[in-house]
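None of the values given here were measured: they were computed from a predicted structure. For this chain, numbers begin at 1 and follow the sequence in order. Only heavy atoms go into these numbers, but all of them, side chains included; no hydrogens, no water, no symmetry mates.
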Amino acid sequence: MMPFNELVLASHNAGKLKELQAMLGDSVRVRSVAEFSLEEPEETGLSFIENAILKARNASRLSGLPALADDSGLAVDFLGGAPGIYSARYADGKGDAANNAKLLDVLKDVPDAERGAQFVCCLALVRHADDPLPIICEGLWHGRILHAAQGEHGFGYDPLFWVPERNCSSAELPASEKNQLSHRARAMALLKQRLGLA
Ligand SMILES: O=c1nc[nH]c2c1ncn2[C@H]1C[C@H](O)[C@@H](COP(=O)(O)OP(=O)(O)OP(=O)(O)O)O1
Ligand SMILES: [Mg+2]
């Protein structure tokens, strides 16, 4: 059991919410921050950690509940780690399809050997809005950027992310498998350990 029985997930991303909910199972009653406000906080941090904390505090303040936030993104080696914390805003807020198209275009002449990338996930849990000691857990998932989209599952950059340990794109993995391998799964496993749940 979680050290509390209700938790607000501080995300407005449907894909993430689904994955986080599946990973939490019924260990805790999960609410979504959208129940309290549809306004997304500005992600002004310079790190995944700062942005995750900022989103968690915002959701906790709105709901009066403990809050779990996820700040994540794709770090491409050839681009020196970009788009990184700016992954959601890579194509100036035009959405996943535009982000993916931009990434394919920027990498169009880059050979396979230089297309390494990592998905990064930072989870931040605050027990209340002003919690002075948020719990932070990180997870990485190593792969490579494909030359064209592949697969229909998942969200975001999944169709472009080749998963070497499964020989397919992350969008070709069923949710149950992605949720055991991904950056988010790794961060969640650490969080459960920290909370004494695993
Ligand atoms: O498993 C993933 N599979 C594919 N793409 C992913 C994944 N995990 C993060 N991503 C991408 C989506 C978005 O371009 C960015 C996250 O941005 P990020 O600000 O953390 O999330 P968001 O704005 O979509 O929702 P919110 O901030 O409300 O949680 O990285
Ligand atoms: Mg965001």
Side-chain angles (χ1 to χ4, degrees), residues 1-37 40-41 43-75 84-85 87-88 118-143 153-158 161 163-166 170 173-198:
M1 267 302 281
M2 286 273 176
F4 30 80
N5 49 30
E6 212 175 356
L7 178 71
V8 61
L9 290 182
S11 177
H12 294 272
N13 179 317
K16 260 189 203 181
L17 286 168
K18 214 171 150 189
E19 292 183 8
L20 291 168
Q21 262 161 6
M23 291 174 200
L24 287 165
D26 30 292
S27 58
V28 63
R29 179 166 173 226
V30 174
R31 313 273 298 268
S32 161
V33 67
E35 283 179 48
F36 303 95
S37 172
E40 301 190 27
E43 297 180 23
T44 53
L46 287 178
S47 62
F48 293 103
I49 298 174
E50 288 165 284
N51 283 338
I53 293 175
L54 167 163
K55 289 189 272 190
R57 289 201 194 290
N58 174 67
S60 187
R61 189 161 288 120
L62 286 165
S63 63
L65 292 170
L68 177 65
D70 166 315
D71 199 55
S72 46
L74 183 66
I85 62 166
S87 294
Q118 294 78 44
F119 268 131
V120 179
C121 175
C122 175
L123 295 175
L125 178 71
V126 297
R127 282 147 286 213
H128 57 87
D130 300 321
D131 190 340
L133 195 57
I135 296 176
I136 305 297
C137 295
E138 287 130 26
L140 292 184
W141 197 16
H142 297 280
H153 300 297
F155 66 97
Y157 295 93
D158 281 330
F161 189 77
V163 180
E165 67 266 37
R166 285 292 182 281
S170 128
L173 291 173
S176 57
E177 273 195 60
K178 183 186 171 193
N179 288 346
Q180 289 181 10
L181 296 172
S182 75
H183 50 316
R184 187 161 295 107
R186 286 168 205 215
M188 184 61 87
L190 291 176
L191 180 64
K192 287 182 175 175
Q193 279 175 26
R194 279 287 295 277
L195 295 173
L197 300 171

Can you name the nearest heavy-atom pair linking [X] to [Y], along with the distance?
| X | Y | result |
| --- | --- | --- |
| P3 | L195 | CG-CD2, 4.1 Å |
| A67 | A59 | CB-CB, 4.0 Å |
| F161 | W141 | CZ-O, 3.3 Å |
| G139 | A187 | N-CB, 3.7 Å |
| C122 | A52 | O-CB, 3.7 Å |
| E50 | S47 | OE1-OG, 2.7 Å |

Counting C-beta onward and ignoring hydrogens, is there a side-chain heavy-atom pair between [X] and [Y] closer than 4.5 Å?
| X | Y | value |
| --- | --- | --- |
| S63 | V33 | no |
| D131 | R57 | yes |
| K55 | D71 | yes |
| N58 | F36 | no |
| I136 | I53 | yes |
| H12 | L17 | no |
| M188 | L24 | yes |
| I49 | E138 | yes |

Which value, rounded to the nearest 0.5 Å, describes the distance between [X] atom [atom1] and [Y] atom [atom2]?
| X | Y | atom1 | atom2 | result |
| --- | --- | --- | --- | --- |
| L133 | L125 | CG | CG | 10.5 Å |
| R194 | C137 | CZ | SG | 5.5 Å |
| R184 | K178 | CZ | NZ | 5.5 Å |
| R166 | L181 | CZ | CG | 4.5 Å |
| S182 | E19 | OG | CD | 5.5 Å |
| S60 | R127 | OG | CZ | 11.0 Å |

**Message:** Tell me every residue that passes side chain to side chain donor-acceptor pair (under 3.5 Å) with Q21, counting only those two or more places apart in sequence or in another chain.
**Reply:**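 Checked Q21 against side chain to side chain donor-acceptor pair (under 3.5 Å); zero matches.
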
**Prompt:** So L20 and V30, side chain to side chain contact (heavy atoms under 4.5 Å, CB included) or not? Walk me through it.
**Reply:** CA-CA 10 Å; L20 291 168; V30 174; over 6 Å; no

Any donor-acceptor N/O pair, [X] side chain to [Y] backbone, under 3.5 Å:
| X | Y | result |
| --- | --- | --- |
| K192 | M23 | yes |
| R31 | L9 | no |
| E177 | P174 | no |
| S87 | L74 | yes |

**Message:** List the residues meeting ring-ring contact (aromatic ring centres under 6.0 Å, His included) with F48, not counting sequence neighbours, and say none if there are none.
**Reply:**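 By the ring-ring contact (aromatic ring centres under 6.0 Å, His included) rule, F48 matches no residue at all.
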
**Request:** Verify whether one side chain among S11 and N13 offers a donor that lies under 3.5 Å from an acceptor in the other.
**Result:**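 Their side chains do not contain a donor-acceptor pair, so the 3.5 Å distance test is not met.
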
